[in-house]
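Keep in mind that this is a model prediction, so the values were computed, not measured. All residue numbers in this chain count up from 1 along the given sequence.
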Amino acid sequence: MTRFADQVAIVTGGAQGIGAAYARAFAAEGAKTVIADILDGSELAEEIKATGGDAIAVTVDVTDSSSVAAMVENTLAAFGRIDILVNNAALFAALKHSRFEDISEEEWSRVMDVNVRGVWQVSKAVVPAMRQRGAGKIVNIASTTALKGTPMMLHYTASKGAVIALTRAMAREVGDDGICVNAVAPGLTMSEGVLETGYWSDEWIDRNVSSRIIKRRALPGDIVGTVLFLASSDADFITGQTMVIDGGAVPH
């Protein structure tokens, strides 16, 4: 399939985990894909090119405005346009579960900087290129934690609630520019980070799964289709929305 032929898609946090799944999927459907991550995404970019796709890896810190600006400049220099942004970069898997009064100020600030300010900074950096073309799709990655009020990770839950609010307000500001802004809210997903940190016990995961209508663990591939749909022309009349992808734990 080539529904994104000649389009350029930026995926922040795209070097590994669910972000890498998004990057591979966009490339497989014809997009020139920018793997924008604080980690080295060059191996993934080479993998995509080896299978006939087109991709570049750009190092970016989404909390640093100059780093974000350089990422956008590198994207435009390489591909000449920006059609799609997936704001995926976030702190999650390595956050230890703790009561809200035990979260340090430093950790709270770091989560908000990456998960909220990062979405805002990258979005405002790419919007001028989208506005110039009169079209664009921004897909923000929220979480069902914000809808459930998930305990023991208040900073993460609050940050994803902010992403939902940001999505709604941003959509209203750029609608007249032909830019659609939506969010997806996945449930707990078996990403590389979740599997590798060791913080997520089988008991915690099984309790989460038991709340779902479809009672199985979510995989990165379960999220990809909805992200691609929202980035495609099929979703040209959808904006300001949050689509829940969690097997039915939170009907929304």
Quick check on side chain to side chain contact (heavy atoms under 4.5 Å, CB included): which of L154, L188, T157 does T145 satisfy it with? T157
From the options N182, V86, T167, L230, select the one residue that forms a side chain to side chain contact (heavy atoms under 4.5 Å, CB included) with N140. T167
Where do [X] and [Y] come nearest, in terms of heavy atoms and distance?
X    : Y    : answer
A235 : C180 : O-SG, 4.2 Å
T144 : A185 : CG2-O, 3.3 Å
A89  : G13  : CB-N, 3.8 Å
M112 : S159 : CE-N, 3.8 Å
V181 : A171 : O-CB, 3.8 Å
K160 : S143 : CG-CB, 3.6 Å

Would you compute the distance between atom [atom1] of [X] and atom [atom2] of [Y] and round it to the nearest 0.5 angstrom?
X    : Y    : atom1 : atom2 : value
T59  : D40  : OG1   : CG    : 6.0 Å
M170 : S123 : CE    : OG    : 3.5 Å
M71  : I56  : CE    : CD1   : 9.5 Å
K137 : F229 : NZ    : CZ    : 8.5 Å
I103 : Y156 : CD1   : OH    : 13.5 Å
T12  : N87  : OG1   : CG    : 5.0 Å

Apply salt bridge (Lys or Arg N to Asp or Glu O under 4.0 Å) to residues R216 and D222 and explain how you reach the verdict. CA-CA 11 Å; R216 67 165 174 82; D222 293 316; 2.9 Å; yes
Heavy-atom side-chain contact between [X] and [Y] under 4.5 Å:
X    : Y    : value
D177 : M130 : no
I179 : V127 : yes
V184 : I141 : yes

Is [X] linked to [Y] within one hydrophobic cluster, defined over Ile, Leu, Val, Met, Phe, Trp and Tyr using a side-chain heavy-atom separation of less than 4.5 Å?
X    : Y   : result
L85  : I38 : no
I82  : V62 : yes
I18  : L39 : no
L44  : Y22 : no
V119 : I35 : no

Between [X] and [Y], is there a donor-acceptor pair closer than 3.5 Å when you use the side chain of the first and the backbone of the second?
X    : Y    : answer
T2   : E29  : no
N74  : A70  : yes
Q241 : T239 : yes

Residues in side-chain contact (heavy atoms from CB on, under 4.5 Å) with A25, at least two apart? V224, L228
Partners passing side-chain contact (heavy atoms from CB on, under 4.5 Å) against A31 (at least two apart in sequence or in another chain): F4, A9, F26, T33
Taking everything shown except R133 itself, do over 12 heavy atoms lie less than 6.0 Å from its CZ? yes
Answer yes or no: does atom CG of D6 have more than 12 heavy-atom neighbours from other residues, nucleotides or ligands under 6.0 Å? no
In the hydrophobic clustering that connects Ile, Leu, Val, Met, Phe, Trp and Tyr at side-chain heavy-atom distances below 4.5 Å, which members other than I164 occupy its cluster, ordered by chain and number? L147, V244, V250
Report the hydrophobic cluster partners of I214, with the cluster defined as I, L, V, M, F, W, Y residues connected by side-chain heavy atoms closer than 4.5 angstrom, directly or transitively. none
Might you work through the side-chain contact (heavy atoms from CB on, under 4.5 Å) test for V8 and T75, ending with a clear yes or no? CA-CA 9 Å; V8 177; T75 298; 3.9 Å; yes
side-chain contact (heavy atoms from CB on, under 4.5 Å) for S65 and V68? Distances and angles first, verdict last. CA-CA 5 Å; S65 59; V68 171; 5.6 Å; no
Salt bridge (Lys or Arg N to Asp or Glu O under 4.0 Å) pairs touching residues 47-63, sequence neighbours excluded, are R24-E47, E46-K49
So side-chain hydrogen bond (donor to acceptor under 3.5 Å, both in side chains) across residues 103-114, not counting sequence neighbours, yields E107-H155, D113-R117
